[in-house]
Amino acid sequence: MPERRFQFSLATMLVVMACCAVILVIRKALIYEPPTDKFPLYEQAPGTRSAWAVVGPNRVGIRLVARNDRDGSVRIEDGRGGAVVNHAPANQQELIDAASWLDVVQFELEPTPDRIDIIEARIFDHETRRLVTEIDPAFGWRVLAPDVIQVYGLSKQLPKKLDAWFRLYSYEPGVPVAMLGTSPTSSCSLPGGTITLQDIRAGFWNYGARRLQASGSSDQEGVSLVLLWNGEWQGVNYQITAVSASGEKAHTSVPHYLDFEQQGRDQPIYFDMPLSEVDHFELRPFGGRHRFFFEAVTLPKVSETPFSKPPTAQVTVAGREIESEIQDFAPLAMRVTTHRGNWANGVASRSDSRPFVTPRQDGATDQDEAFTITYRTEGRIGIRPQFRFLEKSSRTFVPGSQLGPRATMRTIDAGYNDYFTPLEQIEAIEVTIQP
């Protein structure tokens, strides 16, 4: 009898194992799981090959994928090879104007922008699961709106399939939005009390003794503020977002949300947006920080017509310190600034911000004999700007051997060059770009 029980148990175990194997095969066939767990930048986010994904209280989908072709036409599909005929892309004219020299793919998500807010986007080559910026410096992307991103190929076609990864807020319909101004003592009402802007300053300032103290960095690329709560906190976490006049947004990284009951009645907040560009702040109930990605998004097919060279831009200086947004490269965004003397100290970055050029702590040197040009791009793309300088008196380009530069430094988003020439001699800057 004991021997029979052993034989019966072994047979049962074999049957159970066979059933489990069959179940696993069926599950794998019915429930697809993308093999991205070995790629840290996916953060083990759930992926979908369908037209939508459940993200918080919303079904988030791709409304359209638009792509420009070299002849100026714009092709619009659904990301799975199907044509979209009932939607026109936002910023369509920008896609048309740059068609000859820039491959632009525009993703637009749904539902409407008041239901979702893109915090961060990452674009991967589907075949290799690597960021497109790692594959080729000609590739990059930028978040344009709460529901829109653009992906770029500078004079080069993008991969045929992409994984579009998002971290976003997802809101219940009808969520109220409170507006807070940028002036000290500005306030807005929330259920249970009032939030007041106690202090606001350009740059990233340290915080201690319940106030902003000496700046942690002397750059002006960020903004620091202190919020003060007065009232009875109702237990609902709130998020705060900086909004520019053009509608672009900057979200906080730490803290993710406001909870004055647990975090104290006053706290510092930091944004990666220059104070000069901030129009107001928005507060609304926390929409989560949901991660997910659309896998193997098929890009609309375009012709094999060769790209033309990117345009050449000219920025008027007239011997002055200037700051200029270069419109010739749109939709790529680049800002160029001139400084009298040797102004730059290096390129730095906070953990939650894009790189920026830092000035010398003791001020610019050789102000009568040298000048510095700094530049910064929006979005992740490895643009390498090249500069030529038109002299005021001769109206000819200054020979490179005469200019220098004496020092140069760049990252994927920012950089600077020092030149041993008085700024007063420079009439204009000619800017060209390449990956």
Side-chain angles (χ1 to χ4, degrees), residues 182 184 199-226 242 250 253 268-278 315-326 334-378 384-387 389 391-392 398 400-429 431:
T182 59
D199 197 359
I200 182 168
R201 303 186 191 185
F204 298 112
W205 289 67
N206 296 321
Y207 183 74
R210 304 185 69 177
R211 63 186 179 89
L212 294 174
Q213 298 180 336
S215 175
S217 65
S218 56
D219 72 282
Q220 302 294 302
E221 295 296 334
V223 58
S224 306
L225 56 139
V226 179
S253 178
I269 304 293
Y270 303 95
F271 292 101
D272 185 25
M273 178 181 287
L275 177 57
S276 60
E277 296 181 11
V278 179
V315 179
T316 300
V317 176
R320 299 171 293 117
E321 292 185 313
I322 59 96
E323 183 174 3
S324 177
E325 296 282 348
I326 301 181
M334 176 182 290
R335 180 190 308 163
V336 171
T337 307
T338 58
H339 307 268
R340 188 170 285 105
N342 294 316
W343 180 89
N345 181 58
V347 179
S349 175
R350 298 171 68 242
S351 61
D352 57 344
S353 70
R354 295 175 291 109
F356 51 86
V357 179
T358 59
R360 291 176 178 266
Q361 296 294 326
D362 54 352
T365 62
D366 301 322
Q367 295 192 36
D368 296 330
E369 302 173 340
F371 76 94
T372 299
I373 182 170
T374 64
Y375 56 91
R376 183 171 179 175
T377 59
E378 299 291 337
R384 289 187 298 163
Q386 303 292 322
F387 305 107
F389 301 94
E391 191 176 36
K392 288 181 67 175
V398 183
S401 58
Q402 179 179 330
L403 280 165
R406 299 197 308 175
T408 183
M409 183 177 291
R410 69 179 293 270
T411 68
I412 193 172
D413 290 318
Y416 72 89
N417 293 346
D418 284 339
Y419 300 96
F420 195 65
T421 297
L423 181 60
E424 284 72 17
Q425 295 183 13
I426 305 301
E427 175 62 26
I429 306 171
V431 189

### Message
Run Y416 and D418 through side-chain hydrogen bond (donor to acceptor under 3.5 Å, both in side chains) and show every step you take.
### Response
CA-CA 7 Å; Y416 72 89; D418 284 339; 5.1 Å; no
### Task
Start with the C-alpha gap between F420 and F371, add the side-chain angles, then the distance that decides, and say whether ring pair (Phe, Tyr, Trp, His ring centres under 6.0 Å) holds.
CA-CA 7 Å; F420 195 65; F371 76 94; over 10 Å; no
### Evaluation steps, side-chain contact (heavy atoms from CB on, under 4.5 Å), between R360 and N342
CA-CA 8 Å; R360 291 176 178 266; N342 294 316; 3.9 Å; yes
### T358 vs V347, side-chain contact (heavy atoms from CB on, under 4.5 Å): CA-CA, chis, key distance, verdict
CA-CA 6 Å; T358 59; V347 179; over 6 Å; no
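Taking every heavy atom of both residues into account, V278 and M273 meet most closely at CG2-SD, 3.7 Å. Nearest approach of S224 to G203, heavy atoms of both residues: OG-O, 2.6 Å. Summarising the geometry of E391 relative to V398, their closest heavy-atom pair is CB-CG2, 3.8 Å, with the distance given to 0.1 Å. Scanning all heavy atoms of the two residues, the minimum distance from E325 to R335 falls at OE2-NE, 3.0 Å. Nearest approach of V317 to L423, heavy atoms of both residues: CG1-CD1, 4.0 Å. When all heavy atoms of M334 and V431 are compared, the pair lying nearest together is SD-CG1, 4.4 Å.
A salt bridge links D272 to R376: one of the charged nitrogens lies within less than 4.0 Å of a carboxylate oxygen. Classification of R340 and E424 as a salt-bridged pair holds, one side-chain N sitting under 4.0 Å from a carboxylate O.
With hydrogens and angles ignored, the 3.5 Å screen pairs a side-chain donor or acceptor of Q213 with a backbone N or O of G208.
Interatomic distance, W343 CH2 to T365 OG1, rounded to the nearest 0.5 Å: 12.5 Å. Note that the OG1 atom of T372 and the NE2 atom of H339 stand 7.0 Å from one another [nearest 0.5 Å]. Put simply, CD on Q425 and CG on L403 are 9.5 Å apart, with the number rounded to the nearest 0.5 Å. How far OG1 of T337 is from CD1 of I373: 8.5 Å, rounded to the nearest 0.5 Å. In this structure, the separation between OG on S253 and OH on Y270 is 13.0 Å, given to the nearest 0.5 Å. Between the CG atom of L225 and the CG atom of L212 there is a distance of 8.0 Å, given to the nearest 0.5 Å.
When side chains are defined from C-beta on, T338 counts as touching I429, because their heavy atoms get closer than 4.5 Å. Side-chain contact between P359 and N345: absent, with no pair of heavy atoms (C-beta onward) separated by less than 4.5 Å. Within the 4.5 Å cutoff, the side chain of T374 has no heavy atoms near those of the V336 side chain.
Ring-plane geometry between F356 and F204 is classed as tilted, the angle between the planes lying from 30 to 60 degrees on a 0 to 90 degree scale. Between Y375 and F387, the angle of the ring planes lies from 30° to 60°, which puts this pair in the tilted group.
Within a 6.0 Å radius of CG in D362, other residues, nucleotides and ligands contribute more than 12 heavy atoms.
For Y207, there are no ring pair (Phe, Tyr, Trp, His ring centres under 6.0 Å) partners two or more places apart in sequence or in a different chain.
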